[in-house]
**Student:** 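Once you've had a glance at the structure underneath, I'll fire off some questions.
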Amino acid sequence: MLSRVADSLYWMSRYIERADGILRMLKINYASSQDELHEFSWKPVLLIFTYMEEEQASAISNHSREVLQYMVTGKENPNSVLNMVTHARENARSVQDHITKELWQCLNDFYHTIRDERLAESLQREDPVTVLDVLIKQGLLYYGTTDITMARGEGYAFMNIGKLLERGVQSADILDIKFSDLQYDFTKTDTMYWKYLLLSISGYELYLKTYRSGFEAKNVVEQIVLNNDFPRSVIYSINQLHRYFERLKSDGNAEGFRKIDFMIGKIKSKVKYSTVETIMEEGLHAYLNTVKEELYEVANALDQYYFAYS
Amino acid sequence: MQASELLNTYYVDTGTWDEMYADAAVREQYKGVVDFMQQMSIEELNKKEEMARGLFMSQGITFTVYSSGEGIEKIFPFDIIPRIITAAEWIFIEKGIKQRLKTLNLFLKDVYNDQFILKDGIVPIEMIYSCPHYLREMHGFPVPHDIYVHIAGIDLIRNNDGSFYILEDNLRTPSGVSYMLENREISKRLFPDLLPKNNVRTVTEYPNILHKNLVTLSPRQISNPTIVVLTPGIYNSAYFEHTTLARLMGVELVEGRDLVVDNHRVYMKTTAGLQQVDVIYRRVDDEFLDPLVFNPGSMLGVAGIMSAYRKGNVAIVNAVGNGVADDKAIYTYLPAMIKYYLNEEPVLKNVPTYQLGSTDEKEYVFENMNKMVVKKTNESGGYGMLMGHTASDEEISKYKLEILKDPRQYIAQPIISLSSSPCYINGTLQPRRVDLRPYALCGPDGIQIVPGGLTRVALKKGSLVVNSSQGGGSKDTWVLAI
């Protein structure tokens, strides 16, 4: 497979994963903002998912509509869903001969949906959840179409690598920012707070089934970092990342494969042999930071050994 | 309102051949379509038009216009009513194009090797050496199977007596074939069962024939040569076509930056290292192909590709330097060439053409500017031309001054009226002028022409310019089997 094509498939997939993450998170945070007695703050969301400066974020953090507009259809925000989807489509456009026609049409529809001016207007005037649901559904269509139509070759492996790398980083980010919001105070037991955090990454039901004792910060950390069955957990993302990476083993690029395999193996072991207790001992922020940094190193190595074409 | 009333309001411009109507009666070949339309209501037809637009949009059959930093998706306008060609007409067209293409390949071989045609004085030497598309780099180099033109998109028009004329030979990187294929797919959705009922011949073989021809050109005798389509990239207006062709042939779509030349061989950069490339169907113009030989500022090409080509380590399709044969001034000599190489009379006629490089002809053209269309010999896409009958006196005198700077670069042709074909526009049926571009493929086994082509239509009322850059659209083109 052409290096450029692998690169485009990888980024197409990363961008959609990021867009999907943002949409889900926005939906739940919006619901949460309607539920709270005191003023709901969008600040942690703005800090994780945009490049906004702290002061700027504080300025709009109490205005849901403004935040939604900026994060969904904001052209000036490089991390807005609109821009993510546009980038994903541009990447797809340059590799149309490597994705199925169905997948291309699906991304193309996603793109036309989010660029529709009526959508931006509804987001301002009508129920935002309806609008977010329309977009989330486009994302689901993308995942379903990928699963059903894409051949299980090298391209599919690169798409999954992009997706899972992005997801691992995103889950670590969400956890980190949410706890920094509490100044890493693990005694806080506000049920609402944890409920919305879990809902935003579709982990609420699983939490209820796993832990019978109500909401505790350390259980939340355990589920998001260490639960093998939770598809958004850090460990799940890394395990799957490794699984898809192993499919790239070839004689042509033995050196690159060996190096990156080692790097992924290292993070995988680190997370696998952690417990909530050892994480707390090391400090949650420091721990998550190491994981994220090592994932970024994997991304850089992929760039160097697989995507370099200029 | 019923669609049957549409036909009652249809009219034919005087002095024009209409594809559907003859003497106020529907031509035989259009009866099936007309019957079908008469059963429809205007609402249904509007719905079909809407559906066509939706299909083009969601399939991304669009080109992007970049303005103020963001891309706007545009559809190449499509008219839902097909253009129909009878079996007899097609046999004639096919015969004419084969003859033409055979001659052009012989001419290119000759002009880049022994130059008999110049020595015998059939084509003046200065015509060749003054042509910027004549490339010395191609001289004395044997291309595989002596084929220079593998893919030709020859433009035909129809005069008011219904006879076909050749307007242009496009032998470099003719585009539009994806629209021939996609327009047909859209027709299948718009008019269920209508195609088989009317015995319309299929066009879907095109990518298979092209692929088969490309495989035979591989310099390495291996079972599975690497074939690529070389595109200038996603910002090119024909990018959709490049991806379509790569996908339908199951070959890699590459950009210049994906390729590298080492020791006169071309490789593509893959995730598993370098892989040798055998055949390149390039959609990059000669000028940008190799920065070491042609335009040094080109970012679209591959440094060293010409040396690999000349060593015979890679096949390039179409051959480099074909521009000398589709130059609009060389066009004039085509009937003489057919006689010279094949000893045959031309099947398809040329439009009478005046060389402004010749003083006598220039004087005649200058006196009759308002009856002429004047074109630059090296421009395509409808750029740089003057339609004498609509231009103002001021425009004409300005254009004359331009011509005088370098008369060789201009030709003039009497205005040919182009046949009209019914189009569905704003709920009415109106005649619009059309041309026809069939696509001919030339391989070692001979020339094959897929029964169909691209019918381009001038959507502006009264316009004779069908180019998409000048407000043209397209129609599905049906060639009937019987």
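So you know, we letter chains A, B, ... as the sequences are listed, proteins then strands, and number each from 1. Small disclaimer: the values here were computed from a predicted structure and weren't measured.
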**Student:** I'd like to know which of S58(B), G233(B), G250(B), A272(B) tops the heavy-atom pair count under 4.5 Å against chain A.
**Tutor:** S58(B)
**Student:** Between Q275(B) and chain A, with a heavy-atom cut-off of 4.5 Å, which part of the residue counts as in contact: side chain, backbone, both or neither?
**Tutor:** neither
**Student:** Within a reach of under 6.0 Å around CE of M51(B), are more than 12 heavy atoms found that belong to other residues, nucleotides or ligands?
**Tutor:** yes
**Student:** According to ring pair (Phe, Tyr, Trp, His ring centres under 6.0 Å), who are the partners of Y15(A), at least two apart in sequence or on a separate chain?
**Tutor:** W11(A), H87(A)
**Student:** What heavy-atom pair brings V95(A) and Y239(B) nearest, and what distance separates the two atoms?
**Tutor:** N-OH, 4.3 Å
**Student:** Does any heavy atom of chain B fall under 4.5 Å from the side chain of S94(A), the backbone, both, or neither of them?
**Tutor:** both
**Student:** Is the shortest heavy-atom distance from the side chain of V254(B) to the side chain of L2(A) under 4.5 Å?
**Tutor:** yes
**Student:** With a sphere of 6.0 Å drawn around CZ of R152(A), does it hold more than 12 non-hydrogen atoms of other residues, nucleotides or ligands?
**Tutor:** yes
**Student:** Just verifying a value: how many Å separate T243(B) OG1 and W104(A) CH2, rounded to the nearest 0.5 Å?
**Tutor:** 8.0 Å
**Student:** Does atom CZ (R65(A)) have a neighbourhood of more than 12 heavy atoms from anything else shown, all under 6.0 Å?
**Tutor:** yes
**Student:** Hey, is the main chain of L253(B) close enough, under 3.5 Å, to the side chain of D97(A) for a donor-acceptor pair?
**Tutor:** yes
**Student:** Measure the spacing between CD of Q59(B) and CD of E102(A) and express it to the nearest 0.5 Å.
**Tutor:** 10.5 Å
**Student:** Quick check for you: to the nearest 0.5 Å, what is the distance between M57(B) atom CE and H112(A) atom NE2?
**Tutor:** 4.0 Å
**Student:** What part of F257(A) lies closer than 4.5 angstrom to a heavy atom of chain B: side chain, backbone, both or neither?
**Tutor:** neither
**Student:** Drop me the distance from R93(A)'s CZ to Y235(B)'s OH, to the nearest 0.5 angstrom.
**Tutor:** 8.0 Å
**Student:** With rounding to the nearest 0.5 Å, note down the distance linking CE in M268(B) to CE in M1(A).
**Tutor:** 10.0 Å
**Student:** Would you indicate whether E246(A), at its atom CD, is surrounded by more than 12 heavy atoms from other residues, nucleotides or ligands within a distance under 6.0 Å?
**Tutor:** yes
**Student:** Does atom CD (E76(A)) have a neighbourhood of more than 12 heavy atoms from anything else shown, all under 6.0 Å?
**Tutor:** yes
**Student:** Any chance you could measure L55(B), atom CG, to Q105(A), atom CD, to the nearest 0.5 Å?
**Tutor:** 8.5 Å
